[in-house]
Protein chains: 2
Amino acid sequence: MAKKIKPEDEVSTEEKIKEAARTVFMKKGFSATRTRDIAEEAGINLALLNYYFRSKEKLFELVMMEKFQAFFGVIFPILNDPSTSLEQKVELIADRYITLLTETPDLPIFILSEIRTNAERMVASVHLDKILVDSQFVKQLHQRRPDMHPVQLIMSILGLVVFPFLMRPLLMQAGNADTKMFTAMMNDRKQWIPKWFDSMLKVK
Amino acid sequence: MAKKIKPEDEVSTEEKIKEAARTVFMKKGFSATRTRDIAEEAGINLALLNYYFRSKEKLFELVMMEKFQAFFGVIFPILNDPSTSLEQKVELIADRYITLLTETPDLPIFILSEIRTNAERMVASVHLDKILVDSQFVKQLHQRRPDMHPVQLIMSILGLVVFPFLMRPLLMQAGNADTKMFTAMMNDRKQWIPKWFDSMLKVK
DNA sequence: GAATGTTTTAATCAAATGTTTAAATATTTT
DNA sequence: AAAATATTTAAACATTTGATTAAAACATTC
């Protein structure tokens with residue numbers, strides 16, 4: 001499949017479809033998305049979707065892997081870094097994750113929905129055990145608080161960071177926040193979460 | 001529509017369908033569920049679904065309202081009780097919510113997925129502002145920590161309680177837990193969350 | 001500029017899916 | 001028991017939807 005030579009500002013049909021697929025799949029999930037939705041969003045003929053990506057499923061897989069990478073790719077290197085302290089890791093997670101999710105707030109619900117319908121494949125592609133058992137973070141947690149299960153603490157830090165983005169549609173619809181205000185709250189949260197987590201680690 | 005007189009142990013067709021709908025909708029969500037899935041799960045003829053409930057959508061709405069009630073009904077009375085302290089409320093939420101969700105662990109992802117595709121209707125049926133602005137809990141939070149936005153703290157407590165159930169499929173698939181072990185962890189969590197939250201409130 | 005390869009389009013297909021129909025069966029009422 | 005009403009069934013219907021096809025339009029190569 002040779003590439004056409006096109007002006008720099010032109011976006012290839014393939015990329016238009018991929019971008020439309022990102023948008024629609026992210027918003028509605030796999031089952032609720034029609035190939036025609038994607039074609040319309042991309043402004044292309046329906047048949048081109050199959051021409052470039054063979055099938056709806058293949059296209060979805062592409063988007064999913066990309067998003068999965070975005071979601072877990074941020075956290076892995078931070079948790080495994082042997083040169084940072086526990087406190088620094090928490091600070092980094094809060095900061096990097098909130099920054100990422102502020103840009104793509106639909107990411108968590110997309111990932112979690114997909115896990116619900118396809119836990120096996122998801123787990124195969126993420127090596128969760130590397131986080132939950134072997135990571136530097138787990139070792140540091142265990143050393144600090146042998147009486148708290150590291151998984152408990154990982155669920156806590158992730159819950160503190162991610163859960164607000166799951167509540168976001170509810171908050172915004174309830175009129176208690178607009179996009180700007182929500183972003184401001186999440187930025188505020190970047191500072192609170194490390195403080196909160198440190199105090200949790202000191203609980204008697 | 002007169003009721004048939006049937007032996008006590010017989011379950012009515014209507015209830016069989018409703019129960020099957022609960023099961024399938026909860027597991028797969030609205031779009032991924034086929035009416036034939038529900039009919040099969042209920043062990044009834046496909047046409048009976050429309051005979052008793054008019055449409056897939058009407059049946060879904062019924063299930064959804066029920067689950068919504070379960071999810072928010074637990075939290076409302078606790079947060080609005082003027083006779084309990086901040087600490088008692090947190091303890092109650094952790095205990096009651098974890099108990100509820102241990103019985104129906106798919107509830108959170110179901111609710112959140114539905115909110116994603118239908119935030120307006122959801123918000124109309126929950127009076128979220130009653131929690132986020134007017135509740136006793138918010139007043140107590142504000143009195144204790146005027147420098148922390150109450151919504152921040154509500155997101156935190158809910159995140160600590162609910163998020164593990166969203167990660168459950170991932171944890172269990174990763175082989176780091178079976179049902180029994182997960183339940184044990186969540187029971188453990190009933191005691192940690194109040195301690196954690198109290199320490200968060202004391203952060204400098 | 002003819003030949004060749006690539007991209008796009010309109011039309012169509014086949015399967016899936018929510019729903020309806022009409023006849024059969026069971027139950028209740030008179 | 002007969003009539004009326006309610007429930008159940010098998011079949012079919014009408015759309016929707018993912019995918020394909022065949023030809024046209026376009027671009028590139030020789």
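Chain letters run A, B, ... following the sequence lines, proteins first, then strands; residues in each count from 1. From a predicted model like this one, the values you see are computed outputs, not experimental measurements.
F71(A) and Y97(A) have their aromatic ring centers within a separation under 6.0 angstrom. F60(B) has its ring centre no less than 6.0 Å from the ring centre of F53(B). Between F110(A) and F68(A), the ring center distance fails the sub-6.0 Å criterion.
Atom pair F53(A):CZ and dT8(C):P shows a separation of 12 Å (rounding to whole Å applied). The separation between E10(B) atom CD and dT8(D) atom P is 11 Å, rounded to whole Å. As rounded to whole Å, 12 Å separates atom C1' of dT16(D) from atom CG of D37(A). For the pair E14(B) CD and dT7(D) P, the interatomic distance rounds to 9 Å; values are reported in whole Å. Taking atom CD1 of I38(A) as the reference point, atom C1' of dT17(D) lies 12 Å away to the nearest angstrom. To the nearest angstrom, C1' of dA6(D) lies 12 Å from CG of L48(B).
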Original post:
Along nucleotides 10-22 of chain C, 5' to 3', which nucleotides get a B, which get an S, and which get a -, given that the test is a protein heavy-atom distance under 4.0 Å?
Top reply: B------BBBBB-
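Cation-pi check for K56(B) over F30(B) is met; the charged atom lies under 6.0 angstrom from the ring centroid and within 45 degrees of its normal.
Distance CE/M155(B) to CG/L158(B): 9.5 Å, rounded to 0.5 Å.
For dT7(D), the OP1/OP2 oxygens have no side-chain nitrogen or oxygen of T13(B) closer than 4.0 Å.
Counting heavy atoms from C-beta on, the side chains of T104(A) and R22(A) never come closer than 4.5 Å.
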